[in-house]
Amino acid sequence: MWKQVKKIGLVAAAGVMVVPLAGGVSTAKAASLAKNQTFKMMVPTELTSMDNSKTTDLYAATIQNNTGEGLYRLTSKNKAVPALAKSVVKSTNNGLQYTFHLRHSKWSNGTPVTAQDFVYSWQRTVTPKTSSQYAFLFEGIKNAAAIADGKKQPSELGVKAIDDYTLQVTMEKPVPYFDLLMANPTFFPQNKKVVEKYGSEYGTTSAKQVYNGPFKLTKWNGTNLKWTLVKNKDYWDKRKVKLNKIQYQTVKDPSTALNLYQSGDLDDVTLSSEMAKQSANNKDKVIRKMASTFYLEYNQKKIPAFKNKKIRQAISLTINRQKLAKDVLSDGSTAAKGYVPEGLANDPKNGKDFSAEAQGAAEKAAVAYNMKKAKKLWAEGKKEVGIKKLNVELMGDDKDSSKKILEYMQNSMEKLPGLKVTNQNLPFKTRLSRSVDGKFDMVMTAWNGDFGDPITFMDLLTSTNSYNNGKWRNASYDKNVSASKNANAANPDARWQNLLDAENTLMTEQGVAPVYQQNEFHLVNSKVKGIVYHQTGASYDYKTTYIAK
Amino acid sequence: MRKYILKRVLYMLLTLFLIATITFFLMKLLPGTPYQNQDKMSASQIHMMNVQYGLNKPVWQQYLIYIFGMVHGNLGISFQFSSQPVSYLIATRIGPSLQLGIQAMIVGSILGILLGAIAAIRKNTWADTLATLLAILGMSIPNFVFAVLLQYILGFKLKLFPIALWDNFSSSILPTIALAMMPLAETARFMRTEMIDVLNSDYIMLARAKGLTQAGVVWHHALRNSLIPVITLAGPLAVNLMTGSMVVENIFSIPGIGEQFVKSITTNDYPTIMGVTMVYSLMLVVVILIVDILYGIIDPRIRLSGSEVNA
């Protein structure tokens, strides 16, 4: 009996713990709430558009996520929870079909949100004329790629409104991360009447669109530096929304941000290098891990020596990543542990972080700083290739931080006898063009993931991928990535293992050398509670955020 | 005079046309595309986008299309602010920049003239030394350093003015002071040299000999004659303020146009690059014209050929 009670107690306790996670809800007791529920947030860049068919940046996505509502929302652990969909649905027909039942809800102009609003939004995004830079996220949904290429009509997209509150999605192939996409603002519904009323001006000011999320956007004229989100009285789940107002302010100068934070004018600021260094011991420090890996690509097509595994390994081992992250960057960035960044994705079986799970002895050794081993591998590699010395250029961006990083890496690499490295700092777009054209020897490049699944990174380095600028090729890597997308697409556990194996191959081979994971350094007022943060899609969810007394 | 101005306006239009042409072709040499998500789009996706925006056409065709649009008042759509017309972007962002520029110009030149005049009249005294010192500081310390110091001391520590943000007139005071330092220093330096020259000239001696008071000499004779070179400075200083306000705008989080200009270049936002360049150029040629007209008003000798000289 006692045992049973204990068991029930445990289950209940677990339930209490799971509820906030599952719902992304931290239920704040009314008594603990401060009277003034206003949150003052800083962003480093303007809001450029609110048309979710056109934006691609995290800042716009965050505003859209808080003023709009899609089928799902995500918990801080990237788990989908129902939003406009009444439940999280499982695919049928071998992962090729999803049928969503929508709850009754309203736009801020009073009209109901229906399944047609999803159909309209999705069709509009993939239409070439809309010029969406994120249309590729729809690939996998039936005919999406063909429509984006202009080969099929938007009406042929695999999405259908069976009735006002039933939405059916048909896939070309199973997409294992489909749930995550359904929580991404790019897949949010649009009110056809409103879009057509404003035409090309849709989403260019706060008045020229409608909202169905926890908040409504106000005071945004399209180009100004501040705007305000106010609680949406028409939101279906408004009971859970605690904040009355979120005041946004664009601040581009980090020292201004720090002054405004310390004087209480802002509750959450992002600081960069110098200011971050100064605030390293601030009790309000919060590091937001980002889905962003900076890595070194070796151009195997141009420099044959880079085809040698030992040469690549040797160069990678000369870089003291811990020191680079801590002393050179000092903005909260961390040493890369692998190609897929920490905190991006969780194992479907046990919830463990992909990056942590992939950390076998071999992976750890691959990015560890070990000059002795580096020199040994270097000597062996040179012998195998038949060279005495190697002169290469190291290309990177021309920002201050990039210059410092390149200098540090140049210094480290040149400790290998016979290796001469010349740095080349170029503007971002120039660097990008040269990378794509293969006009480089080594390049420090970065990738930002689009959704919380390792494939958003792993896909890049397959033999045939156009982003694989270094042209590293590995049959086992290709096989595993392909299996994760095809043969095992509907089998989450096997698929996960494929991705872990691929990461393992990449790291031991050092096809590319991951250097650091870029993170954001924040100061956040400790009275602000319940911010849900995501690495990809929309960074923040303020639905259940509140200001404590 | 009217004929002169008409001729100058025609030259102005020609200048603007040349600037538009040169900028357009130079800009097209920038590598990359104007798409934010360029690094994630495949070559075929980029091609589709180029077709949508007409960027796949030969450059000369794009040029003709742009010039035709510009003549008809259409500056195109921004890429950074998707769907936002460039004319709207400039219209909403230029106000604060202009306000700051004009305030800084007024404060800087008036104080500069005063300081320069005092230094010249009280040559080789402590007042002169102090004025010269101020001028050297103003010239050698970049305005963003002033901005940071003003923000920290007067804004953050003493709380006399807002730290940053653009709410009301009081938020424009600190950036105005920061921006005014350069014109102040330049004007003071020029004014001092010029005034000393003038004060030593024959007609001033004559005026003194006729028994005019020191104040009368300075006010009626010296000041006006010393102003001519100072006015020459106004043109370049105004341009400097227009293009140089970017960092100060950033420090005080002011929704100005300065930063947009730089950002449009780094992001290949072609219509914005063109639009802002043309607005800047227009302001520059207008300022130069005003300066030339002011010459004539201050010094009748400079009324140029083509106008009737009232001797």
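Please read these numbers as outputs of a predicted model, since none were measured by experiment. Lettering of chains follows the sequences in order, A, B, ..., and the numbering in each one begins at 1.
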Chain B contact via [X] - side chain, backbone, both or neither, heavy atoms under 4.5 Å:
X        : result
A/Thr205 : side chain
A/Tyr467 : side chain
A/Thr250 : backbone
A/Thr45  : side chain
A/Leu460 : neither

Segment of [X] engaging chain A (4.5 angstrom heavy-atom cut-off):
X        : answer
B/Glu249 : neither
B/Ser83  : both
B/Leu30  : neither
B/Tyr35  : both

(message) Would you say the ring centers of B/Phe79 and B/Tyr53 fall short of 6.0 Å from each other?
(response)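 Here the rings of B/Tyr53 and B/Phe79 have centres that are less than 6.0 Å from each other.
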
task: Would you please say whether a donor-acceptor pair under 3.5 Å links the side chains of A/Ser53 and A/Gln190?
output: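 Per modelled atom types, A/Ser53 and A/Gln190 side chains form a pair under 3.5 Å.
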
Check against salt bridge (charged side-chain N to carboxylate O under 4.0 Å, His left out), A/Lys151 and A/Asp149:
CA-CA 6 Å; A/Lys151 287 176 193 137; A/Asp149 274 347; 3.7 Å; yes

Margin query: Please evaluate residues B/Phe261 and B/Met246 with respect to the criterion side chain to side chain contact (heavy atoms under 4.5 Å, CB included), reporting the C-alpha separation (whole Å), side-chain torsions for both, the decisive distance (0.1 Å), and the verdict.
Written below: CA-CA 9 Å; B/Phe261 187 38; B/Met246 175 199 129; over 6 Å; no

For chain B, which candidate among A/Thr256, A/Thr445, A/Asn465 shows the most heavy-atom pairs at distances under 4.5 Å?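 Answer, by heavy-atom pair count under 4.5 Å with chain B: A/Thr256.
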
